[in-house]
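One structure below.
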Amino acid sequence: MECEKIQNRIVDYIENTMSKKERMEMKTHVETCNSCQGEMQQMQEFLSQVANEDLEKPSENLRLNFEKMLAEEKLLQQSKVVKLNPKGNWKMFLQIAATVVLVLSSFFIGRYQNSERHDAKVAKLETESLMNKQNTILALMNNQSASKRIQGVEYLEEFTNLDPEIIEAIVKRMLNDENTNVRLTAVNALQGFISSEKVKDGFIKALDTEKDPAIQIALIQSLAKIQAKKALKPMQQLLEQEETQPFVKKEIKIALSNII
C-alpha cells in the first residue's frame with residue numbers, strides 16, 4: 001500500500017474500523033516506514049488530546065431561561081384561548097416574545113462562544129504539531145546517519161511555509177553534506193521554496209562548489225525556471241570548465257538562452 005493511502009486511513013486504523021486483512025497490511029507497512037510511523041504517532045497524540053478535552057457545558061443562565069420559557073408555554077397551553085380585543089393582552093404577548101428572544105439569544109451566544117473556544121484549541125494543536133515537525137527536521141539534520149538526514153529533508157513536502165531556521169539548515173546540507181544523495185534530496189526539496197532569496201542564493205552558490213552532474217543539472221534547471229539572472233555568471237564559469245560533463249554543458253546552454 002502506498003504511503004498516501006496508508007496516511008489517509010490512519011484514523012480508521014486507530015479506531016479499528018477496517019477489516020483484519022487491511023489492518024494487518026497497514027500494520028506491516030507502518031512498522032517499516034518511518035514517515036507513516038510519524039504520521040500515526042502525531043494522529044494518536046492529536047486524538048488523545050481532543051478526547052481529553054472537557055466538554056463545554058451550557059451556562060446556568062441558559063438553563064434557567066429555557067426552563068422559564070417552557071413553564072410559561074405550558075401555562076399558556078393550559079389556559080383558554082386568548083382574546084385579542086380585551087385591554088392588556090398585548091403586554092402578555094410582549095412578555096412571551098421577550099422571553100423567547102432572550103432564550104434564543106443566550107443559546108446562540110453560548111454556541112458561538114463554544115465554537116470559538118473549539119477553533120482556538122484546534123489551532124493550538126495544529127501549531128504545536130507544526131512546531132514538533134520543524135524541531136524533528138532540525139534534529140534529523142544533525143543525525144550521523146545519511147538516511148535520517150534524507151528523511152528530515154523529505155519532511156519539507158508537508159510544508160507550504162517554512163521557518164527561516166529550517167530553510168537555512170536545509171541549504172547548509174545542500175552545500176556541505178558529504179553524502180551526494182542528501183545534497184540531491186535537499187535540492188529537490190528546496191525547489192518548492194525557490195522564491196525564497198535564501199534558497200535562490202543557495203542554489204547559485206552551489207553551482208560554484210557542486211561537482212556531481214545530477215545535482216548540477218537540478219540546480220541549473222531550477223534557476224532557469226525562475227529566470228535567475230544572478231546565476232548567469234556562475235553558469236558561464238561552469239560552462240567554461242574542462243571537467244564539466246558534456247551533457248551538463250548542454251543543459252547550461254539551454255538555460256542561458258532561456259534566461260537571457
Side-chain angles (χ1 to χ4, degrees), residues 2-4 7 33-36 38-39 130-131 133-260:
E2 297 177 356
C3 288
E4 183 177 356
Q7 293 173 11
C33 177
N34 291 330
S35 177
C36 291
E39 290 294 329
L130 179 63
M131 293 177 63
K133 287 182 179 181
Q134 291 185 342
N135 290 334
T136 299
I137 291 176
L138 291 174
L140 290 172
M141 286 300 94
N142 297 318
N143 197 288
Q144 294 182 352
S145 169
S147 62
K148 290 295 184 181
R149 297 198 297 274
I150 290 174
Q151 181 184 347
V153 172
E154 289 176 341
Y155 265 122
L156 266 66
E157 297 177 359
E158 303 180 18
F159 293 85
T160 54
N161 294 301
L162 282 178
D163 185 272
E165 186 179 3
I166 302 294
I167 292 180
E168 184 176 357
I170 304 298
V171 169
K172 284 183 178 179
R173 281 298 164 191
M174 175 186 68
L175 293 172
N176 305 316
D177 201 284
E178 60 186 16
N179 187 282
T180 302
N181 291 329
V182 175
R183 299 199 306 276
L184 180 58
T185 303
V187 172
N188 292 334
L190 288 170
Q191 286 175 343
F193 305 92
I194 193 67
S195 58
S196 165
E197 288 299 321
K198 185 169 290 187
V199 174
K200 189 187 305 180
D201 291 343
F203 276 27
I204 294 173
K205 186 176 180 180
L207 285 177
D208 292 330
T209 59
E210 185 57 59
K211 302 302 181 185
D212 184 88
I215 300 178
Q216 289 175 335
I217 289 179
L219 292 167
I220 293 166
Q221 290 177 342
S222 297
L223 291 168
K225 186 176 181 179
I226 62 168
Q227 300 285 302
K229 294 191 179 298
K230 288 194 296 184
L232 290 174
K233 184 177 178 180
M235 283 187 186
Q236 188 64 44
Q237 292 174 344
L238 187 59
L239 181 64
E240 294 171 358
Q241 294 175 9
E242 293 183 3
E243 62 269 24
T244 302
Q245 294 294 327
F247 57 90
V248 176
K249 290 185 176 183
K250 180 179 179 181
E251 194 67 39
I252 293 173
K253 291 178 181 178
I254 294 174
L256 291 174
S257 65
N258 290 333
I259 295 176
I260 297 174

[X] side, atom [atom1]; [Y] side, atom [atom2] - distance, nearest 0.5 Å:
X	Y	atom1	atom2	result
Lys249	Ile254	NZ	CD1	15.0 Å
Gln245	Gln216	CD	CD	8.0 Å
Asn34	Ser147	CG	OG	8.0 Å

- Message: Per the side chain to side chain donor-acceptor pair (under 3.5 Å) rule, what does the pair list look like for residues 202-213, sequence neighbours excluded?
- Response: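 Passing the test, one end in residues 202-213: Arg183-Glu210.
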
On a heavy-atom basis, which atom in [X] and which in [Y] lie closest, and how many Å separate them?
X	Y	result
Pro234	Ile204	CG-CG2, 3.7 Å
Ala218	Gln191	O-NE2, 3.8 Å
Asn258	Gln227	O-OE1, 3.0 Å
Val187	Phe203	O-CZ, 3.6 Å
Leu175	Gly202	CD2-O, 3.6 Å

Residue [X] excluded, over 12 heavy atoms near [atom1] under 6.0 Å:
X	atom1	answer
Glu240	CD	yes
Lys148	NZ	no
Glu178	CD	no

Decide yes or no for [X] and [Y]: does some side-chain heavy atom of the first lie under 4.5 Å from some side-chain heavy atom of the second?
X	Y	answer
Thr185	Arg173	no
Leu223	Met235	yes
Leu239	Thr244	no
Ile220	Val248	yes
Lys230	Asp201	yes

- Can any side-chain N or O of Gln236 pair as donor or acceptor with the backbone N or O of Ile252 at less than 3.5 Å?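 Side chain of Gln236 to backbone of Ile252: no pair is present.
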
- Are the side chain of Lys200 and the backbone of Ser195 linked by a donor-acceptor contact shorter than 3.5 Å?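 Not at all, since once roles are kept as given, no pair shorter than 3.5 Å links the two residues.
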
- Output, in order, the C-alpha distance, side-chain angles, deciding distance and verdict of side chain to side chain contact (heavy atoms under 4.5 Å, CB included) for Leu219 and Met174. CA-CA 11 Å; Leu219 292 167; Met174 175 186 68; 4.3 Å; yes

